[in-house]
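Below: the structure, in structure tokens.
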Amino acid sequence: MTPIRPDLDTLPAYVPGRAIPGAIKLASNEVALAPTAPVLAAIAEAAAAGNRYPDLAVVSLSERLASELDVTPDRIAVGCGSVSLCQQLVQITCRETTDEVVYAWRSFEAYPIVTQIGNARAVTVPLDGDFRHDLDAMAAAVTPRTRLVFVCSPNNPTGTVVHRAEFERFMDAVGPDVVVALDEAYHEYVTDPEAVDGLPLLDRYPNLVVLRTFSKAYRLAGLRVGYAVTAPEIATALKKVCAPFSVSTVAQAGAIAALDHAGELLAACKEAVGERVRVREALLAAGFTVPHTQSNFVWLALGGRTADFAAHCLEHKVVVRPFHPDGVRVTVTTPEEDDRFLEAARSF
């Protein structure tokens, strides 16, 4: 018999957003705009060196990020997207099958996958009535076996944020012996002044890991590059379990160029913020339940009607992302594509 772990048969699959010819794809939280011309030029130049291995230590990008974030380079760990870093966090914290990883549910669908791959035990805590993290309940769920906690803010797929004051209370309650990963993949879209920003809290909480990515606001989803900012000891451990050369030369060059031209790239976030307000207000007027979102998507709490709504949108050539049996996540994009979605939603 092949010595494959039998529990992999029950591993939840990561479901990518569908792409249907002729349909508008609003299922993957991708940015509709391509990378800017200077970023594309840097990517093309880097591709010409495709016969050489990437910089294993990702030195230039790490130093550029450190300068941008006002931290030392030894506090940066770059990975093949923030999803890879989530899996690396499980690897460096969990040793036994009784070790626990705590996260809210529903939240980012990669958390149960990386937890099971890491042979750890998932402990899920329901979102509250406003589709937000219930941090008091999450703190209560921490036990002596807890090794890692994921907090997603803005939360994927509901778009809600954790506020700084409640997060600080949570960190104080959890204590220093549990690693807490604050997943801020959509940080650049946040406008709520009370929303937590993990970077200023790193010195106060050495067990905190801030995760961010170039996949969303920086328009590099296809290049797969994310990063963690944390204490040097945690960053070093993350690098030890990173697959060698997993951050490609093209990804490193594209990310550096994106930072060099961040002003132009992030200006588009303001347009997305305006559109998410417009789309949410239109959906509320149509009778849908849509929580306040601080990301580049909206969440429609549809419960048992989730599959019907997704099918209805598909009939109107709009692809959304259903999460059975809770609701549907829809990426906010250009006004023209948003209007196509709203037309479909209003006719449901």
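In this structure, a donor-acceptor pair under 3.5 Å is absent between the side chains of Arg212 and Ser82. Under the 3.5 Å distance criterion, with hydrogens and angles disregarded, no donor-acceptor pair is assigned to the side chains of Glu337 and Thr331. With no hydrogens or angles considered, no side-chain donor-acceptor pair links Arg321 and Asn29 at under 3.5 Å. Using modelled atom types, one finds a donor on one side chain and an acceptor on the other under 3.5 Å when comparing Ser84 with Gln88.
For residues 228-258, the ring pair (Phe, Tyr, Trp, His ring centres under 6.0 Å) pairs, not counting sequence neighbours, are Tyr53-Phe245. Applying the side chain to side chain donor-acceptor pair (under 3.5 Å) test to residues at least two apart or on different chains, none of the pairs has a partner in residues 228-240. Legend: ring pair (Phe, Tyr, Trp, His ring centres under 6.0 Å) pairs involving residues 141-172, not counting sequence neighbours, sorted by first then second residue: Tyr111-Phe150. For the side chain to side chain donor-acceptor pair (under 3.5 Å) condition, the pairs that include at least one residue of residues 255-274, sequence neighbours left out, are Arg64-Asp260. Every pair passing ring pair (Phe, Tyr, Trp, His ring centres under 6.0 Å) that includes a residue from residues 177-197 is listed here, sequence neighbours excluded: Tyr186-Phe297. Identified under the ring pair (Phe, Tyr, Trp, His ring centres under 6.0 Å) test for residues 329-348, with sequence neighbours left out: Phe309-Phe348, His312-Phe348.
Put simply, the side chain of Val332 reaches to within 4.5 Å of the side chain of Val298, judged on heavy atoms. A 4.5 Å side-chain heavy-atom check between Arg164 and Pro200 finds at least one atom pair inside the cut-off. Looking at heavy atoms from C-beta onward, Leu259 lies in side-chain contact with Tyr218 at the 4.5 angstrom threshold. Put simply, the side chain of Gln116 reaches to within 4.5 Å of the side chain of Pro12, judged on heavy atoms. Within the 4.5 Å cutoff, no side-chain heavy atoms of Tyr103 are placed close to those of Phe108. Under the 4.5 Å side-chain criterion, counting only non-hydrogen atoms from C-beta, Ser153 is not in contact with His133. In this structure, Ile117 and Val90 have side chains that are not in contact, with every pair of non-hydrogen atoms separated by 4.5 Å or more. Looking only at side-chain heavy atoms (C-beta outward), Leu220 and Ile43 come within less than 4.5 Å of each other.
Rounded to the nearest 0.5 angstrom, Ile234 CD1 and Leu89 CG are separated by 8.0 Å. Atom OG1 of residue Thr115 and atom CG of residue Leu148 lie 7.0 Å apart, to the nearest 0.5 angstrom. Here the CZ atom belonging to Arg329 is positioned 13.0 Å from the OG1 atom belonging to Thr306, to the nearest 0.5 angstrom.
In this structure a side-chain-to-backbone donor-acceptor pair under 3.5 Å is present from Arg147 to Pro144. Looking only at distances, a side-chain donor or acceptor of Glu184 sits under 3.5 Å from a matching main-chain atom of Gly198. No donor-acceptor pair under 3.5 Å is formed between the side chain of Gln252 and the backbone N or O of Pro54.
Every residue meeting the salt bridge (charged side-chain N to carboxylate O under 4.0 Å, His left out) condition with Asp203, not counting sequence neighbours, appears here in chain and number order: Arg75. Not counting sequence neighbours, Arg280 has no partner by the salt bridge (charged side-chain N to carboxylate O under 4.0 Å, His left out) test. Checked against ring-ring contact (aromatic ring centres under 6.0 Å, His included), Tyr227 has the following partners two or more places apart in sequence or in another chain: Phe214. In terms of the side-chain hydrogen bond (donor to acceptor under 3.5 Å, both in side chains) criterion, Thr97 has no residue partners (sequence neighbours excluded). Partners of Asp172 according to the salt bridge (charged side-chain N to carboxylate O under 4.0 Å, His left out) rule, which considers only residues two or more places apart in sequence or in another chain, are Arg204.
Here the closest heavy-atom approach between residue Thr146 and residue Val178 is recorded as O-CG2, 3.5 Å. Scanning both residues, His316 and Ser347, for their nearest heavy atoms gives NE2-OG, 3.5 Å. Minimum interatomic distance between Ala235 and Ala77 (heavy atoms only, all atoms of both residues): O-CB, 4.0 Å. Nearest heavy atoms, Pro176 versus Asn207: O-CB, 3.6 Å. Here the closest non-hydrogen pair linking Ala104 and Met138 is N-CE, 3.8 Å. For Arg219 against Leu265, the heavy-atom pair with the smallest separation is NE-CD2, 3.5 Å.
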Take Leu342 and Leu283 through the test side chain to side chain contact (heavy atoms under 4.5 Å, CB included) and record every step on the way to the result.
-> CA-CA 7 Å; Leu342 289 173; Leu283 291 170; 3.9 Å; yes
Going through the checks in order, is the side chain to side chain contact (heavy atoms under 4.5 Å, CB included) test met by Val318 and Val330?
-> CA-CA 10 Å; Val318 177; Val330 185; 5.8 Å; no
Take Glu188 and Lys216 through the side chain to side chain contact (heavy atoms under 4.5 Å, CB included) test and state the conclusion after the steps.
-> CA-CA 9 Å; Glu188 292 81 5; Lys216 308 304 180 184; 5.6 Å; no
Check the pair Asn156, Ser295 against side chain to side chain contact (heavy atoms under 4.5 Å, CB included), reporting the backbone distance first and the verdict last.
-> CA-CA 9 Å; Asn156 180 6; Ser295 192; over 6 Å; no
Report the C-alpha separation of Thr160 and Asn155 in whole Å, then their side-chain angles, then the decisive distance to 0.1 Å, and conclude whether the side-chain hydrogen bond (donor to acceptor under 3.5 Å, both in side chains) test is met.
-> CA-CA 5 Å; Thr160 53; Asn155 185 44; 4.6 Å; no
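Hydrophobic clustering (side-chain heavy atoms under 4.5 Å, transitive across Ile, Leu, Val, Met, Phe, Trp, Tyr) groups Leu11 together with Val101. Under the 4.5 Å side-chain contact rule for hydrophobic residues, Leu202 and Ile76 share a cluster. In the hydrophobic clustering of this structure, Leu266 groups with Leu223; members are Ile, Leu, Val, Met, Phe, Trp, Tyr whose side-chain heavy atoms approach within less than 4.5 Å, directly or through other members. In the hydrophobic cluster analysis, where Ile, Leu, Val, Met, Phe, Trp and Tyr join through side-chain heavy atoms closer than 4.5 angstrom, Leu238 is grouped apart from Val180. Following chains of ILVMFWY side-chain contacts shorter than 4.5 Å, one can reach Tyr205 starting from Val151, so the two form part of one hydrophobic cluster.
Between Arg276 and the options Thr191, Thr293, Asn296, Asp338, a side chain to side chain donor-acceptor pair (under 3.5 Å) holds for only Thr191. Each of Ile256, Val250, Val78, Thr213 was compared with Val225 under the side-chain contact (heavy atoms from CB on, under 4.5 Å) criterion, and only Val78 meets it.
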Show which side-chain atoms of residues 121-131 pair as donor or acceptor with protein atoms under 3.5 Å away, not counting sequence neighbours.
{"from": "Arg121", "atom 1": "NH1", "to": "Glu100", "atom 2": "OE2", "distance (Å)": "2.8"}
{"from": "Asp128", "atom 1": "OD1", "to": "Asp130", "atom 2": "N", "distance (Å)": "2.8"}
{"from": "Asp128", "atom 1": "OD1", "to": "Phe131", "atom 2": "N", "distance (Å)": "3.2"}
{"from": "Asp128", "atom 1": "OD1", "to": "Arg132", "atom 2": "N", "distance (Å)": "3.0"}

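By the neighbour-count criterion of 12 heavy atoms within 6.0 Å, atom CZ of Arg305 is sparsely surrounded, having that number or fewer from other residues, nucleotides or ligands. Annotation for Glu168: atom CD counts as buried by contact number, over 12 foreign heavy atoms lying within 6.0 Å.
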